[in-house]
Amino acid sequence: MTLARTRTASRPRDRRRLQRLTLASSITGAVVVAVDGSVLTVVQPVMQRELHASFAQIQWTSTGYLIAVASLLVFAGRLGDRFGHRRVFTVGALGFAAASAGIGLAGSAELVIGLRVLQGVFGALLQPATLGMLRAAYPSDRLAMPIALRTSAIGLAVAAGPLVGGVLAVRLGWRSVFFLSVAPALAVGALVLLVRTPEAGTPEAGAVAAGTQEAGAPGVRTPAPERADDARGGLGLPGACLFAVCLGSLVHALVGLPGTGWTTSTTLAVLAAAAAGAAFAVHERRAASRLVPPGVLRSAPLTASLAVLVSASAALFGTLFLGTYLLQHVLGLDPFRSALRMVPLAAVMVLGAPVSAVLQRRFGHRRTAVAGMALLALGILLTSRLDGQSTAVATALSFLVVGAGFCPVMVTATAVVVREAPLGTEGVAGGLQQTAMNVGPALGLALVTVLMGVAAPGAGPGSTGGPSFTAAMGTALAVLTAPAVLGALAALRLPGRTDGEKRPAV
């Protein structure tokens, strides 16, 4: 009797300990990837000089990574669903650390590019697993706050990354920037590997995720096992290859478009993406083993959330791209003072994510996301009215409103993706969420490039920025509210309630 009471009493503590461990691991993994991406731009000029690399080679240190990540995210999520998100996370974290250390020791641009591609492969394994582990550890009606904390940490990492990277590059050289992520990635990978956590689908995991002391208690739904589809065929390798070609070609075209415009290379990449995408759609309809289970795409809230994320991230990053030129080439600020003008955006992302989780629980997903999209559109319109006479208060207010709009959209849409994923497909859903967050920014950058070319052909951003460039930028930003409006329309299909909803089976 005493032993039974002891075990029962210890289960809440075990549940909370496992949830804290999972949350810490998820946040650390996401932050490591975010810091690595944000610090790279700071050291690229020095890296180019010391490695005697061409501009194209340095560009490929970013492009190669983006293509690898975007191409493999969904397949990585599929691996997590099949073999366990904890295992895939461990492989991704340890591999990411090893690739980062290799870049810090590399002696040529070619080796850096190759290791960056490898780093992208491990990053793709890492990112969907951070969401899959959260879904296995928390009940669906308690996911908002863990996802919000993860979002806050990513926002802080993106904001602080360039500052930390700049200090390290000045004092210790550019190689030190890549060693920055080695220790935390190794630590979290080893921690998740060594500390046994219950596999989803076991009675212990049911108690953890359901937030009860006894698994199998009345009304408690035990989560599906992480290997729920072991008996459902293969991993969908043909579909994964077609999807990788489609996404890789699309990202290659979108990344190259701002710098080179419509060239033969970008045109061929778009055609390859279209052909591979069509082949992927046909294959997924006919194949027995599919990369994306049909239950995922049949979920209207999930697909709506992906559309919201693509729209919002395209609008945000397009605005940030033009906003940087406005601050430096129209207002004449140096990079440091430009970064200070954007601090309100980063601050509201960090502080607003937990608030967004509270709003989501009180008002529901639909209202929170629609309101966020409206704020995002308003912030973009405010930014479009900035010019060479704008004050620090006006620019700070514009970026504050942009961040205040994007933050609840990202938290809410991500929460819907994770909780609405059919049982056993959390990894695939997480991969699709990360894919949306990679494709959206590239789409936004390509869109503003085209808009600037149409609004003011030949009006380049000179040292101070002429009136034609400023006018073209205002027009492009005004048009950029269209993705935000489309995202608001997609957000109308999100669920209004936050509790008591059941996820469909695959």
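- Here the CE-CD1 distance, from Met437 to Ile154, works out to 8.0 Å after rounding to the nearest 0.5 Å.
- In this structure, Pro128 and Leu73 have side chains that are in contact, with non-hydrogen atoms separated by less than 4.5 Å.
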Under 3.5 Å, which donor-acceptor pairs link side chains of residues 23-32 to any protein atom two or more places apart or in another chain?
unit_1: Ser25; atom_1: OG; unit_2: Leu21; atom_2: O; d: 2.8
unit_1: Ser26; atom_1: OG; unit_2: Thr130; atom_2: O; d: 2.9
unit_1: Thr28; atom_1: OG1; unit_2: Ala24; atom_2: O; d: 2.7

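- Ring-plane geometry between Tyr65 and Phe96 is classed as perpendicular, the angle between the planes exceeding 60 degrees on a 0 to 90 degree scale with a lower cut at 30.
- Distance check, rounded to the nearest 0.5 Å: CG of Leu322 to CG of Leu480 gives 7.0 Å.
- Annotation: side chain of Leu149 is in contact with side chain of Pro354 (closest heavy-atom distance under 4.5 Å).
- Counting only heavy atoms from C-beta outward, the side chains of Leu447 and Pro483 approach each other to under 4.5 Å.
- Of all the heavy atoms in Leu477 and Ile380, the pair that sits closest is O-CG2, 3.1 Å.
- Of all non-hydrogen atoms in Ala93 and Leu126, the two that sit nearest each other are N-CD1, 3.8 Å.
- Interatomic distance, Leu250 CG to Leu443 CG, rounded to the nearest 0.5 Å: 7.5 Å.
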> Given Arg367 and Arg362, is the side-chain contact (heavy atoms from CB on, under 4.5 Å) satisfied, shown in steps?
Replying inline: CA-CA 10 Å; Arg367 292 179 181 177; Arg362 178 163 185 174; over 6 Å; no

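- For the residue pair Thr368 / Gln360, no side-chain donor-acceptor distance below 3.5 Å is found, with atom types taken as modelled.
- The two residues Ala157 and Ala34 come nearest to each other via the heavy atoms CB-CB, 4.1 Å.
- Looking at every heavy atom in both residues, Thr412 comes nearest to Ala369 through CG2-CB, 4.3 Å.
- Contacts classified as side-chain hydrogen bond (donor to acceptor under 3.5 Å, both in side chains) and involving residues 479-493 (residues at least two apart or in different chains) are not found.
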message: The test is side-chain contact (heavy atoms from CB on, under 4.5 Å); show your working for Gln433 and Ser305 and say whether it passes.
response: CA-CA 8 Å; Gln433 187 268 350; Ser305 296; over 6 Å; no

Please report the C-alpha distance between Met145 and Val358 in whole Å, then the side-chain angles of each, then the deciding distance to 0.1 Å, and finally whether the side-chain contact (heavy atoms from CB on, under 4.5 Å) criterion is met.
CA-CA 8 Å; Met145 188 57 71; Val358 175; 4.2 Å; yes

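- With hydrogens and angles ignored, the 3.5 Å screen pairs no side-chain donor or acceptor of Thr414 with any backbone N or O of Val411.
- No side-chain heavy atom of Leu432 sits under 4.5 Å from any side-chain heavy atom of Val417.
- The main-chain N or O of Tyr138 is found under 3.5 Å from a side-chain atom of Arg135 such that the two form a donor-acceptor pair.
- Using a 4.5 Å cut-off on side-chain heavy atoms (C-beta onward), Pro146 and Gln19 make no contact.
- Between His365 and Arg419 the shortest side-chain heavy-atom distance falls below 4.5 Å.
- Between Thr151 and Ala353, the shortest heavy-atom distance links the atoms CB-CB, 4.1 Å.
- For the pair Thr303 (side chain) and Ala300 (backbone), a donor-acceptor distance under 3.5 Å is present.
- Using a 4.5 Å heavy-atom cutoff, the side chains of Phe406 and Leu375 are not in contact.
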Practice problem: Decide yes or no on side-chain contact (heavy atoms from CB on, under 4.5 Å) for Gln434 and Leu131, but give the supporting numbers first. | Solution: CA-CA 10 Å; Gln434 295 290 331; Leu131 292 174; 4.1 Å; yes

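- Judged purely by atom type and a 3.5 angstrom limit, Ser152 uses its side chain to pair as donor or acceptor with the backbone of Val350.
- In this structure, Glu284 contributes its side chain and Val292 its backbone to a donor-acceptor pair below 3.5 Å.
- Note that the OG1 atom of Thr435 and the CZ atom of Phe243 stand 5.0 Å from one another [nearest 0.5 Å].
- Annotation: side chain of Val416 is not in contact with side chain of Leu302 (no heavy-atom distance under 4.5 Å).
- The backbone N or O of Leu492 lies less than 3.5 Å from a partner atom in the side chain of Arg366, making a donor-acceptor pair.
- One distance of note links CG of Leu125 with CG of Leu72; it measures 7.5 Å at 0.5 Å rounding.
- A donor-acceptor pair is defined here as one N or O able to donate and one able to accept, closer than 3.5 Å; no such pair exists between the side chain of Ser71 and the backbone of Ala68.
- Nearest heavy-atom pair across Ala404 and Pro408 is O-CD, 3.0 Å.
- From Met473, atom CE reaches atom CZ of Phe321 across 10.5 Å, with rounding to the nearest 0.5 Å.
- With sequence neighbours excluded, the residues forming a side chain to side chain contact (heavy atoms under 4.5 Å, CB included) with Leu345 are Leu316, Leu320, Met349, Phe399, Val402, listed by chain and number.
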